[in-house]
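Atom set for the values below is all heavy atoms of this structure, side chains included, hydrogens, waters and symmetry mates excluded. Atoms within a ligand are numbered from 1 in the order they appear, just like the ligands themselves.
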Amino acid sequence: MAENKNQFGSKLGLIAATVGSAVGLGNIWRFPAEAQANGGAAFLLLYILCVLVLGVPVMLAEMSLGRRTGLDAYGTFKKLAPGKKWFLLGCSGIATAYFIGSYYMVVTGWTLEYLFEAVTTQLYHGAEAIADVTGSGADSFFQARMDEYISTPVRPVIFTVIVIVANIIVLTGGVQKGIERLSNILMPMLFVVLVAMCCLTLSLPGAGAGLKWFFSPDFSKITSDTVINAMGQTFFSLSLGMGTLITYSAYYPKSTNLTQTSVIVSMMSTIVAVLVGMVIFPAVASFGLEHHSLVGTTLVFQTLPEVFMCLPCPTFWASLFFALLFAAALTSVVSIMEVAVAFLVSHFHFSRLKACVFTMTPLLLLSTLCSLSFSTLKDFKIFGMTIFGLLDSLTTNIMLPVTALGVCIFLGWFAPKHLMKEELTNNGTLRNRFAGIIIFLIKFAAPLLILTILLAPLFR
Ligand code: TRP
């Protein structure tokens with residue numbers, strides 16, 4: 001299988017690359033923010049439910065399509081339904097990827113900025129003055145630090161530009177070798193550091209209260225908004241609903257067991273999210289941060305630097321953590337941009353470099369606008385949201401589910417008749433006890449559920 005350069009080199013590499021796409025800012029930055037805003041445990045429970053009944057089937061749907069055609073998101077629908085309008089689904093996937101990419105670059109830029117500040121020891125400069133970290137001083141210190149970093153216009157934009165350039169470099173070289181290798185090393189490391197940090201925060205005084213909050217659901221907190229957010233988070237954290245997995249699975253060999261792969265990827269992604277919750281919420285409780293009006297978007301960036309202060313040599317831990325966070329973000333954002341790049345390469349026969357430049361130049365403008373949402377354009381609101389906030393909630397809560405809905409309907413009802421069964425069983429060579437239930441979920445349950453969740457707010 002390794003001789004084909006348009007395929008992942010090994011089974012492990014393929015899983016690492018797909019987990020690399022899934023595990024990213026969505027799990028580490030977005031998940032705790034969403035959980036905090038949506039009632040903690042109730043959100044966690046809904047999220048896990050959504051992963052099981054929506055995430056895994058939609059992931060399998062995307063994988064089946066991509067591996068069958070070996071093409072990008074647009075080409076896949078063109079090939080499977082020639083002369084029909086289904087290619088629009090591919091277009092909407094590519095557009096969604098573009099919008100998500102634009103703000104994902106910005107947050108990846110923050111992680112890089114934090115990494116830079118940590119390595120140069122600036123992050124903790126002045127923090128030594130706070131004697132008792134579990135007292136009241138440290139939280140406002142790091143809150144002020146975060147504010148200082150993102151509310152000046154120029155620096156975050158510079159870091160965003162660096163991230164965009166890094167993307168061009170990686171993508172020009174091809175995803176398989178670079179990303180596959182990178183993910184192979186970094187993903188296990190990220191796991192180890194997270195588990196270590198988890199042990200640390202659980203030993204903080206007062207951590208139990210945070211853990212309890214995170215794990216005991218208050219069902220009265222569940223509203224139709226919570227459900228929409230949990231569904232959006234599921235698609236986001238599993239990289240679904242914009243053709244990323246169609247594009248990646250085009251590089252899967254025919255022998256890959258799709259069901260097994262999708263279960264492993266979903267599990268890893270969920271475990272990372274839960275681990276992050278187990279780090280953040282005990283820390284929030286221990287530092288008494290829950291009384292502060294923490295903004296979701298900055299939660300990770302404020303709480304974790306405080307946690308590191310409990311360790312000898314916080315600078316080292318902060319550098320390590322933000323390096324891994326940056327790596328996780330990079331392997332994800334590359335997979336997001338690959339959707340557009342693969343399309344340009346296969347449809348217009350661009351070289352990879354040309355496709356990257358074509359993709360990234362307009363993105364630069366959009367990303368800059370997102371970045372300035374925290375400074376110069378802070379008061380520029382559309383529907384009460386900043387440009388950044390609007391792009392995030394529009395893409396995650398609406399565009400991802402709508403595209404995923406389309407993918408399920410297409411595969412379940414309009415694609416060549418036995419495609420799904422053939423892909424789930426590798427043309428009958430693989431026994432798959434779950435094929436029946438997966439097909440049922442894709443054909444009936446997932447579309448109905450997504451539609452109900454999307455439409456529910458209209459009937460409130
Ligand atoms: N899943 C990634 C994360 O959790 C982000 C991501 C990559 C993504 N590809 C995607 C989100 C496709 C939605 C769709 O950070």
For [X], the ligand 1 atoms whose distance to one of its heavy atoms is below 4.0 Å:
| X | result |
| --- | --- |
| L25 | 15 (O) |
| S237 | 1 (N), 4 (O) |
| S335 | 7 (C), 9 (N) |
| G26 | 3 (C), 4 (O), 15 (O) |
| N27 | 4 (O) |
| I336 | 6 (C), 7 (C), 9 (N), 10 (C) |

Report task. State, yes or no, whether a side-chain contact exists between L71 and I246 at a heavy-atom distance under 4.5 Å. Result -> no
Query raised in the report: Among protein heavy atoms, which lies nearest atom 12 (C) of ligand 1, and at what distance?
Result: M242 CE, 2.9 Å
Report summary line: Residues at least two apart in sequence or cross-chain that pass salt bridge (Lys or Arg N to Asp or Glu O under 4.0 Å) with E423, listed by chain then number, are R67, R68
Query raised in the report: So, does S21 sit close enough to ligand 1 that a heavy atom of it is under 4.0 Å from the ligand?
Result: yes
Query raised in the report: Hey, is T96 touching ligand 1 through its side chain, its backbone, both or neither, going by heavy atoms under 4.0 Å?
Result: neither
Query raised in the report: Side chain or backbone of A22 under 4.0 Å from ligand 1, or both, or neither, by non-hydrogen atoms?
Result: backbone
Query raised in the report: Ring centres of F410 and F414 under 6.0 Å apart?
Result: no
Requested in this report: For F350, check ring pair (Phe, Tyr, Trp, His ring centres under 6.0 Å) against everything at least two apart and list the hits.
Outcome: F348, F358
Report task. Over all heavy atoms of both residues, which pair between I164 and S367 is shortest? Give the atoms and the distance, please. Result -> CD1-OG, 4.2 Å
Query - Whether over 12 other heavy atoms sit under 6.0 Å from I437 CD1 - result: no
Query raised in the report: If we ignore angles and hydrogens, is there a donor and acceptor under 3.5 Å between the side chains of S335 and S332?
Result: no
Query raised in the report: If we ignore angles and hydrogens, is there a donor and acceptor under 3.5 Å between the side chains of Y47 and E34?
Result: no
Query raised in the report: For atom 15 (O) of ligand 1, which of F236, W29, Y104 has the closest heavy atom?
Result: Y104
